[in-house]
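What follows is one structure encoded as structure tokens, with my remarks underneath.
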Amino acid sequence: MKLYNTLTRKVDEIKPQHPPEVTIYTCGPTVYDYAHIGHWFTYVRMDILVRTLKAGGFKPKWVMNITDVGHLVSDADEGEDKLQQKARREGKTAQEIAEFYTKDFLDGMASLNMLKPGRIVKATEHIKDQIALIRKLEKKGYTYVIDDGVYYDTGKFRRYPEFARLDLDEQQAGARVNHNPQKRNPSDFALWKFSPEDVKRDMEWDSPWGKGFPGWHIECSAMSMKYLGDTLDIHTGGIDHVPVHHTNEIAQSEAATGKRFANYWMHSNHVTVDGEKISKSLGNSITLRDIEKKGISPQAVRLHILESNYRSQSKFNWDSLVAAENRLRDLRAMAVLRWQAPETTHDTGTFALLDVPLQLFNRLADDLDTPQALAYLSEVSTQLQVVFIEQDMVDHFEAMLQGIDDLLGLDLMSEGDITDEQKRMIAERSKARDAQDWARADKMRDLLLEQGIAVRDTVHGAIWSRS
RNA sequence: GGCGCCUUGGCGGAGUAGUUACGCAGCGGUCUGCAAAACCGUUUACACGGGUGCAAUUCCCGUAGGUGCCUCCA
């Protein structure tokens, strides 16, 4: 299993600390709005990572967080808390906002057939852990207090720019950022923010430094180390997290423990919609709900996501999504062959069905090469449409489908059989054809098509699939 | 302003120094009662200009366009 590692900037062989266990921490969403297509690109790719690890014999211990407090409107640690702002605008509490959008996210994960992380952890439920970590940093001299909070002194952590290959001096020269003048370094970030006296907050806690709430970055360090240990195997997240969030996580965690925080860092590149980045102001934050409204299945979304490589910036547009839906239709047509296996034995040669999942795995194990995996799968699908699946092959065929589902999550095994009545109609059509009653045969075919069942004739007889 | 990345056929998307994935869509054909499926062919794909190679889409330089980060964002 090889994976591009942002830490080394190379494709590295995954070697967990305690095989077969492999610990994974995924930076989850900040739940202040609906998850959009960009989020799903990222999280489906994480899902593929975990599936591939499992297929490779590893036992993933996967933790994902939900940020439900502390993520400010600006990463410069200024402005309002995202959730608090949303709550104020909608006349609700921050808790209500968090609950609502957390549910939206979890529902989306389920509809995309994502594996469930072993733990989904919330920042608000780990305040004590975060305070404990800040105290640890305080004792080691990495913190300082100014008017609005407790800050991390990045100047004390020499390796700070290394992970993201930051050139801090160069960056500052042109950046148009208004930094808090009390900060010792522009890159210093808040560990704990004090509640502003003039603003009512729904979420605030007591701390050794005063009432307030944790900074955004500290939660991931605290929770990942609590559940996965000081050093985790794989840390994943969106590519945007490299220069700030993950850089800060490393600074906090490694300063606190003196150990390396994560051995492998996987980052999902962003997706653009119609050539532009996804952002509120452009109004292109397409959600799963938008997609389902157009009659496109979540599985087509998943397939579309897998069509591109996670390391390159992908493009999203509706035409491609429709193409993915069509492609999925063909894969489903392959899947339903298991319901129509004849007992007769034809001389169709043998097809190494059980080899298919292994072939898929080999491609995924090569830095999650989903495009090549799908290319291979399409070839298999095309061949099987012709080979036909006979009765004594069904067990192997179903094992193959299950293997594909385990790896890609396309849920092909859920494609059910047609009704007895529909089967009767197909038989009637065949009988009519034998009698050369073309009108009757075509009528049956049209009736079936109205029910979403397409019939095609092969040398082995009539085969149906869903249109 | 600083630092990156990208530019592949109608669309999406792999890949490689010389044999041109894969999918969707179009066109023509074979097959078929008609379809569908399958198969064959087809629209001569690699932004532009230089350079280094026997050979460049694939390496180097430049130009143009796009785009990302440094602000919020998966």
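All values derive from a computational prediction rather than experimental measurement. Naming convention: chains lettered A, B, ... in sequence-line order (proteins, then strands); numbering from 1 in each chain.
Nucleotide B:G28 has B:C40 as its partner under the Watson-Crick or G-U criteria, with both atom distances under 3.5 Å. Pairing partner, B:C59: B:G51, with both Watson-Crick or wobble hydrogen-bond distances short of 3.5 Å. Pairing for B:C69 is with B:G2, a Watson-Crick or G-U wobble pair whose two hydrogen-bonding atom distances lie under 3.5 Å. Pairing partner, B:U7: B:A64, with both Watson-Crick or wobble hydrogen-bond distances short of 3.5 Å.
For the pair A:S312 and B:A14, the criterion of a side-chain N or O lying under 4.0 Å from OP1 or OP2 is met. Residue A:K315 has a polar side-chain atom (N or O) positioned under 4.0 Å from OP1 or OP2 of B:G13.
Atom name P, nucleotides B:U16 and B:A35: the rounded distance is 43 Å, in whole Å. Between B:U19 and B:A56, the distance separating the two C1' atoms is 15 Å to the nearest Å. For the P atoms, the distance from B:G12 to B:G18 is 26 Å, rounded to whole Å. Taking the P atom of each, B:G2 and B:G62 are spaced 15 Å apart, rounded to whole Å. Going from the C1' atom of B:U20 to that of B:A64 covers 27 Å, rounded to whole Å. Taking the P atoms as reference points, B:U58 lies 15 Å from B:U52, given to the whole Å.
Taking the six-membered ring where the residue is Trp, A:W318 and A:F316 present perpendicular rings, their angle passing 60° and hence far from 30°.
Both A:N269 and A:A323 sit near RNA chain B, but only A:A323 has its closest nucleotide nearer the 5' end. RNA chain B is contacted by both A:R456 and A:S268; A:R456 maps to the nucleotide lying nearer its 5′ end (nearest heavy atom per residue).
Of the charged side-chain nitrogens involved, at least one lies within less than 4.0 Å of a carboxylate oxygen, so that A:D457 and A:R429 count as a salt-bridged pair. Between A:E99 and A:K103, no side-chain nitrogen of the basic residue sits less than 4.0 Å from a carboxylate oxygen of the acidic one, so the salt-bridge criterion is not met.
Computed from coordinates, the A:D434 CG to B:G33 P distance equals 12 Å when rounded to whole Å. One atom, OH of A:Y34, and another, P of B:A74, lie 17 Å apart when rounded to the nearest Å. For the pair A:R9 CZ and B:C5 P, the interatomic distance rounds to 11 Å; values are reported in whole Å. Look at CH2 on A:W318: it is 16 Å from P on B:G12, rounded to the nearest Å. Rounded to whole Å, atom P of B:G23 lies 13 Å from atom CG of A:N326. Atom CG in A:D369 sits roughly 10 Å away from atom C1' in B:G15 (whole-Å rounding).
For A:R88 and A:Q84, the side-chain atoms include no donor-acceptor pair closer than 3.5 Å.
Both tests do not hold together for A:R45 against A:Y310: distance to the six-membered ring centre under 6.0 Å, angle to the ring axis within 45°.
Within 4.0 Å (heavy atoms only), A:R445 reaches at least one base atom of the nucleic acid.
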